[in-house]
Number of protein chains: 2
Amino acid sequence: MDRSQPDHLKNAGLKSTVPRLKILSLFELGQERHMSAEDVYKHLLASGDDVGLATVYRVLTQFEQAGLLARHYFEGGKSVFELNHGKHHDHIVCLQCGHVEEFYDAAIESRQKKIATERGFAVHDHSLHIYADCVKKNCPHKR
Amino acid sequence: MDRSQPDHLKNAGLKSTVPRLKILSLFELGQERHMSAEDVYKHLLASGDDVGLATVYRVLTQFEQAGLLARHYFEGGKSVFELNHGKHHDHIVCLQCGHVEEFYDAAIESRQKKIATERGFAVHDHSLHIYADCVKKNCPHKR
DNA sequence: TTGCAAATGAGAACTATTATCATTTATAAA
DNA sequence: TTTATAAATGATAATAGTTCTCATTTGCAA
Ligand SMILES: [Mn+2]
Ligand SMILES: [Mn+2]
Ligand SMILES: [Zn+2]
Ligand SMILES: [Zn+2]
């Protein structure tokens, strides 16, 4: 059986407050999969929920630490977050329209691990971002 | 025959000014390979050369656009620069000591291109950063 | 209900970077 | 060589993203 949002928070050791529930459902409703703090803040404002920007930042970081969200650092400085479904993947970011596409390649993953291990590193994590233009599709995701 | 620094600048369409020459030789002397704007600024101060911080930022960006330097966005927000020797490579960053190690893997590179192309993207560039602890070496590169 | 640690919100502070603009400088013409 | 001038510089203001501070509010357990 599915668990409710308050349970998700409780399991993460976070008490279920109004701002946390609102932010979590924003991601779970899946309107937009990858969102910056500012994106989240604006979505909340737009739906009449007034949550402080500082709270948005705090909650996003807490959710990341609790494993509910994953944070990515794309070019452009601001971090973006997405629901953490436990499946690691990498990203292609379209430089024209900002569209983000996900991929996973077992061969790339294993070569990375091999390379780092051979050199005496214990891998924590990695990021692989491909910056490109979605030419064939003629950028259907204008922003 | 090797070309002088002023020639490097001239070839890049940049006139050879004192700050530009100082910044270029800082990278060419190779004391530190990967440097942030702040790193460059501090090195210059330390050697008695007073170049404005704004100039450091401007020159680094110009050198990047001219192809003299490559810029990387590691986690932590600040960009780092290194001499662009024309050979693309990726990075392993030690989370303990900050040491940066470089690698190149043809298999990873070609899989990336294949994946992006199959999905209709024209790749501009990519970044692959592995974040790790250099355990075997017991972090010999303390910062 | 009440108690209170935890969470929140408003705004200050901070960090990295870019913009503004008066002054200086590299270079090319005279 | 001077000189003209467009480009470059440096001080500092401004901006963007994010974190910190602290007085007030709130979830929740007794
Ligand atoms: Mn994703
Ligand atoms: Mn490098
Ligand atoms: Zn990956
Ligand atoms: Zn690569």
Side-chain angles (χ1 to χ4, degrees), chain A residues 4-26 34-45 47-66 68-69 71-81 98 143, chain B residues 4-26 34-45 47-66 68-81 98:
Chain A
S4 66
Q5 289 177 21
D7 280 347
H8 285 176
L9 294 179
K10 214 163 278 173
N11 294 345
L14 297 168
K15 64 184 183 189
S16 77
T17 65
V18 170
R20 282 175 184 158
L21 291 171
K22 283 177 180 167
I23 292 172
L24 187 54
S25 43
L26 190 58
H34 301 90
M35 284 183 284
S36 68
E38 196 65 35
D39 292 336
V40 169
Y41 181 64
K42 281 178 187 153
H43 274 281
L44 292 175
L45 281 192
S47 49
D49 304 313
D50 47 2
V51 173
L53 182 56
T55 300
V56 170
Y57 274 101
R58 266 187 306 239
V59 168
L60 290 175
T61 299
Q62 289 161 349
F63 283 4
E64 181 197 10
Q65 285 163 350
L68 294 173
L69 295 181
R71 181 198 297 254
H72 306 293
Y73 302 89
F74 295 149
E75 283 182 13
K78 54 173 65 167
S79 345
V80 301
F81 298 82
R143 61 176 156 190
Chain B
S4 66
Q5 288 177 19
D7 280 346
H8 284 178
L9 293 179
K10 213 162 279 174
N11 294 344
L14 297 168
K15 63 185 184 187
S16 77
T17 65
V18 172
R20 282 175 184 158
L21 291 169
K22 283 177 179 167
I23 292 172
L24 187 53
S25 44
L26 190 58
H34 300 90
M35 284 184 282
S36 67
E38 196 66 34
D39 292 336
V40 169
Y41 182 64
K42 281 179 187 153
H43 274 281
L44 292 174
L45 282 193
S47 50
D49 304 313
D50 46 3
V51 173
L53 181 56
T55 299
V56 171
Y57 274 100
R58 265 188 307 243
V59 169
L60 290 176
T61 299
Q62 290 160 348
F63 283 5
E64 182 198 10
Q65 285 163 351
L68 294 173
L69 295 182
R71 180 199 297 255
H72 306 292
Y73 302 88
F74 295 149
E75 283 182 14
K78 53 173 67 169
S79 346
V80 301
F81 299 81

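The basis for the numbers below is simple: all heavy atoms, side chains too, and nothing from hydrogens, waters or symmetry mates. So you know, we letter chains A, B, ... as the sequences are listed, proteins then strands, and number each from 1.
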Q.
Over all strands shown, is B:Thr55 touching base, sugar-phosphate only, or nothing at heavy-atom distances under 4.0 angstrom?
A.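 Here B:Thr55 touches the bases of the nucleic acid.
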Any residue meeting side chain to side chain contact (heavy atoms under 4.5 Å, CB included) with [X], in chain and number order, not counting sequence neighbours:
X: A:Lys15; answer: A:Thr17, A:Arg20
X: B:Tyr57; answer: B:Ala37, B:Leu53
X: B:Glu75; answer: A:Tyr73, A:Asp125, B:Tyr131
X: B:Lys42; answer: B:Glu38

Q: Only counting residues at least two apart or in another chain, list the ones meeting salt bridge (Lys or Arg N to Asp or Glu O under 4.0 Å) with B:Asp39.
A: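 Applying salt bridge (Lys or Arg N to Asp or Glu O under 4.0 Å) to B:Asp39 gives none.
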Q) What is the per-nucleotide protein-contact pattern of nucleotides 11-23 of chain D, from the 5' end, where B denotes a base atom under 4.0 Å from a protein heavy atom, S denotes such proximity for sugar-phosphate atoms only, and - denotes neither? A) BB----SBBBB--
Just to verify, what does [X] make a side-chain hydrogen bond (donor to acceptor under 3.5 Å, both in side chains) with, not counting sequence neighbours?
X: B:His72; answer: B:Glu82
X: B:His43; answer: B:Glu32
X: B:Asp50; answer: none

[N] [atom2] sits how many Å from [X] [atom1], rounded?
X: A:Leu14; N: D:dG27; atom1: CG; atom2: C1'; result: 13 Å
X: B:Phe63; N: D:dA8; atom1: CZ; atom2: C1'; result: 12 Å
X: A:Lys22; N: D:dT26; atom1: NZ; atom2: P; result: 11 Å

**Q.** From CZ (A:Phe81) to CG (A:Leu60), nearest 0.5 Å
**A.**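 Interatomic distance, A:Phe81 CZ to A:Leu60 CG, rounded to 0.5 Å: 4.5 Å.
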Q) Taking 5' to 3' order, which nucleotide of DNA chain C is first and which is last to have an atom within less than 4.0 Å of a heavy atom in chain B? A)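 First-to-last contact on DNA chain C, by the 4.0 Å heavy-atom rule, is C:dA16 to C:dT27.
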Q.
Considering only residues two or more places apart or on different chains, which pairs with a residue in residues 51-65 of chain B satisfy salt bridge (Lys or Arg N to Asp or Glu O under 4.0 Å)?
A.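 Applying salt bridge (Lys or Arg N to Asp or Glu O under 4.0 Å) to every pair that reaches into residues 51-65 of chain B, excluding sequence neighbours, yields B:Glu64-B:Arg71.
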Q: Would you mind reading off the bend of the helix from C:dT1-D:dA30 to C:dA30-D:dT1 from its two end axes, five pairs each, to 10 degrees?
A: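 Rounded to the nearest 10 degrees, the bend comes out at 20°.
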